Amino acid sequence: VSRWRFLQGGSGALIAAAAIAVLPFFIADTNEYRFAFVATYFIAALGLQILTGYAGLISLGQGGFMLVGAYVTAILTVDHGWRDLYTIPLAGLITGALGFLFGFPALRLRGVYLALATFAIPIALVALAKKYAGFTGGVGGKSLTRVLSGHTAYLTTWPIAGAMFLLAWLLLQGKLGRSFRTIRESEIAAVSSGINVALTKTLAFGISAFFAGVAGSLYAIIIGFVNPDTFGVQLSLLILIGVVVGGLGSLTGVVAGAIFVEYVPLYAPDILSWAEKPLGSPLDPKRAGAGAAVYGFILLIVLYAFPTGIAGLLRRAYKTVARSSYTH
Amino acid sequence: MAEFVQQVVAGLGDGAIYASLALALVLIYRATHVINFAQGEMGMFSTYIAWALVANHGWSYWPAFVFTLGVSFLGGVGIHQGVIRPLQRAGELTVVMATIALLVILNGLASWIWQPDEKVLESPLTGGTWSIGSVAIPKQAVWDFLIVLVCVALLWLLFNYTKVGLALRSSAIDPAASRLLGVRVPWMLSIGWGFAAILSAVAGMLAASAQFVFTPAFMQVTIIYAFAAAVLGGIESPIGAVLGGLAIGVTINLLGTYFPGEISPDMRLPVALAILLLVLVLRPSGLLGRTIVRRV
């Protein structure tokens with residue numbers, strides 16, 4: 001990585017970090033609470049970015065790993081009297097170990113087969129959490145005692161999210177990051193350069209699950225309640241959407257992707273209401289499903305307009321500005 | 001023994017629905033190398049069209065069934081031309097995301113247009129049994145199985161014995177050479193999507209009657225069985241998809257009958273996926289898939 005690219009990437013991350021640091025002064029408590037959820041999606045999507053964007057392994061199971069983290073926190077806090085924040089590292093490690101183990105069967109698979117196999121993670125984990133109700137509280141879920149205000153939730157999640165970002169960045173700077181990228185580009189090249197492909201791939205799964213575990217744990221803490229159905233296939237898809245919209249292979253872009261998945265569904269019905277006034281609509285925009293339909297369309301448009309994600313868009317804009325400042 | 005036969009027949013009925021949807025996935029995968037996550041929702045949407053014709057416009061079942069297949073074909077062609085074809089130069093993951101966006105759109109539109117409450121698709125196939133000795137065979141399972149079998153047979157004839165079928169196959173195998181020979185490849189791929197839409201419509205309409213009531217979410221479990229079936233057979237193998245679907249239907253029904261304690265209804269899907277994972281570890285390209293030899 002040239003020093004120029006380094007500065008460029010670093011400045012993006014610094015601007016994002018500064019924005020997140022001052023944001024609580026400008027937004028209402030409900031939005032701070034929403035941004036706390038953005039932080040959890042961000043952490044989970046960072047893990048998936050490492051796995052998919054860097055190591056090139058597609059996973060549709062990141063939300064399932066979040067379930068494990070959330071339940072580790074819920075069970076330790078409710079049944080064993082731990083302080084909720086202290087459970088976060090353990091939640092990450094246990095989930096990471098599970099992800100590492102999942103990496104072994106996944107070694108045999110590639111492409112489509114891998115993507116569809118990872119689909120099994122959330123489905124299996126949700127069903128298991130329901131079946132072993134004595135341990136997990138079953139369908140009724142488990143309530144944590146602490147109730148967080150939006151402000152506290154924001155201040156709890158974002159410093160951890162920042163630390164996780166740094167961790168991801170440091171991991172990818174070193175030898176491991178280079179190994180991931182080599183495997184993504186060509187496994188054969190990786191083997192011939194002496195990279196232990198099996199170990200690197202399982203590590204990618206483990207690291208990605210570690211992030212999901214931390215995200216799930218924080219999710220449980222800020223929402224104060226865990227229930228298996230929260231962590232179904234939809235959550236996994238949501239996080240994948242966050243990674244792709246943010247831009248594959250960009251850690252900073254993940255922030256934008258995480259904001260997208262939290263806020264666009266929220267405002268989708270309003271967008272429809274604005275469009276309805278001048279255009280008229282045969283259907284009531286407030287009816288069920290309207291928001292989802294519009295959200296889907298927005299997602300599709302974003303995929304067409306920015307096939308390299310929001311990060312790719314910003315990179316292009318930056319290049320245009322840089323070039324015009326030289327030619328003058 | 002009577003129970004065993006009954007459960008096998010019921011399993012073949014369920015399996016036929018998975019097989020139909022799995023075959024749709026395979027057709028699309030072979031044509032455009034995309035896993036279509038929206039396949040189940042396409043079937044769901046078709047089912048709502050059939051339901052609206054029957055319930056709101058007074059059509060009887062079979063005309064509505066056939067008309068829906070026609071609309072679905074056009075819908076499939078339209079989705080390929082409008083959504084997938086513009087993205088053909090984009091990365092694999094972008095196209096996957098587009099099908100996920102399509103899933104969200106179709107699901108949202110169905111609740112928006114028809115409301116998300118439970119609907120009943122009145123079907124002449126529902127209910128009743130045939131008694132053969134002590135064995136009571138559910139009629140619906142037999143009909144489901146036969147209808148899917150007829151669809152598969154018609155498709156097989158079309159692919160193997162018509163000029164369009166030849167063009168369809170050649171477009172999937174070698175688009176460049178087909179183009180040079182005068183085949184209009186993009187439209188052939190669209191027709192592939194159209195047939196896939198028909199198969200998913202069949203699966204949707206049969207599943208809606210088999211489950212008695214349906215909501216916009218009713219295909220979301222079926223599609224996962226269909227994924228499992230397609231992968232089990234090998235994602236490029238049509239025969240594999242059909243056999244995979246039937247195998248999963250029968251296996252799940254038998255396991256559910258003989259191990260009711262361990263394999264309760266909400267454990268069926270994870271068990272099916274666990275079996276799938278086991279098969280994949282032993283045979284990474286599915287049971288009938290080719291092992292692809294990669295060049296360095």
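Here is the naming used below: chain letters follow the sequence lines, and residue numbers restart at 1 for every chain. None of these values were measured; they are calculated from a predicted model. Note: hydrogens, waters and symmetry copies are ignored here, and every other heavy atom, side chains too, is used.
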* To do: Could you tell me which portion of L232(B) (side chain, backbone, both or neither) has an atom closer than 4.5 angstrom to a non-hydrogen atom of chain A?
  => neither

* **Evaluation steps, side-chain contact (heavy atoms from CB on, under 4.5 Å), between M42(B) and N36(B)** => CA-CA 10 Å; M42(B) 282 164 68; N36(B) 183 14; 3.4 Å; yes

* **Which portion of S192(A) sits near chain B, non-hydrogen atoms under 4.5 angstrom** => neither

* Does the separation of the ring centres of Y54(A) and F180(A) fall below 6.0 angstrom? -> no

* Side chains of V302(A) and F260(A): closer than 4.5 Å at any heavy-atom pair? -> yes

* Structure fact -> Answer key: most heavy-atom pairs under 4.5 Å with chain B among F119(A), Y304(A), Y295(A) is Y304(A)

* Asked: Mind checking which of residues 235-244 of chain A sit less than 4.5 Å from chain B, heavy atom to heavy atom?
  -> L237(A), L240(A), I241(A), V244(A)

* Structure fact -> Answer key: most heavy-atom pairs under 4.5 Å with chain A among I100(B), L93(B), L106(B) is L93(B)

* To do: Would you indicate whether the side-chain heavy atoms of M97(B) and V245(A) approach each other to under 4.5 Å?
  => no

* Asked: Aromatic rings F37(A) and Y41(A): how do their planes relate, parallel, tilted or perpendicular, breaks at 30° and 60°?
  -> tilted

* Parallel, tilted or perpendicular for F214(B) and W51(B), by the 30°/60° rule? -> perpendicular

* Asked: Among L278(B), L102(B), V96(B), V231(B), who wins on heavy-atom pairs under 4.5 Å with chain A?
  -> V231(B)

* Flag the one option from T94(B), I35(B), I105(B) with the top tally of heavy-atom pairs under 4.5 Å to chain A. => I105(B)

* Donor-acceptor pair, Q115(B) side chain versus A110(B) backbone, under 3.5 Å? -> no

* Asked: Do side-chain atoms of S111(B) reach the backbone of N107(B) as a donor and acceptor pair under 3.5 angstrom?
  -> yes

* Structure fact -> Nearest heavy-atom approach of F205(A) to L114(A) is CZ-CD1, 4.1 Å

* Asked: Is the side chain of Q49(A) donor-acceptor paired with the backbone N or O of G249(A) at a distance under 3.5 Å, no angle test?
  -> yes

* **Region of L276(B) that comes under 4.5 Å of a non-hydrogen atom in chain A** => neither

* Does any donor atom in the side chain of S200(B) or Q39(B) lie under 3.5 Å from an acceptor atom in the other side chain? -> yes

* Which of residues 56-68 of chain A get closer than 4.5 angstrom to chain B, counting heavy atoms alone? -> I58(A), L60(A)

* Taking the side chain as every heavy atom from C-beta outward, state whether Q211(B) and T222(B) have any pair of such atoms under 4.5 Å apart. => yes

* Give a yes or no on whether the ring-centroid distance for F227(B) and F37(B) is below 6.0 angstrom. => yes

* Structure fact -> Per-residue tally against chain A (heavy atom, under 4.5 Å) across V83(B), L269(B), V95(B), L103(B) peaks at V83(B)

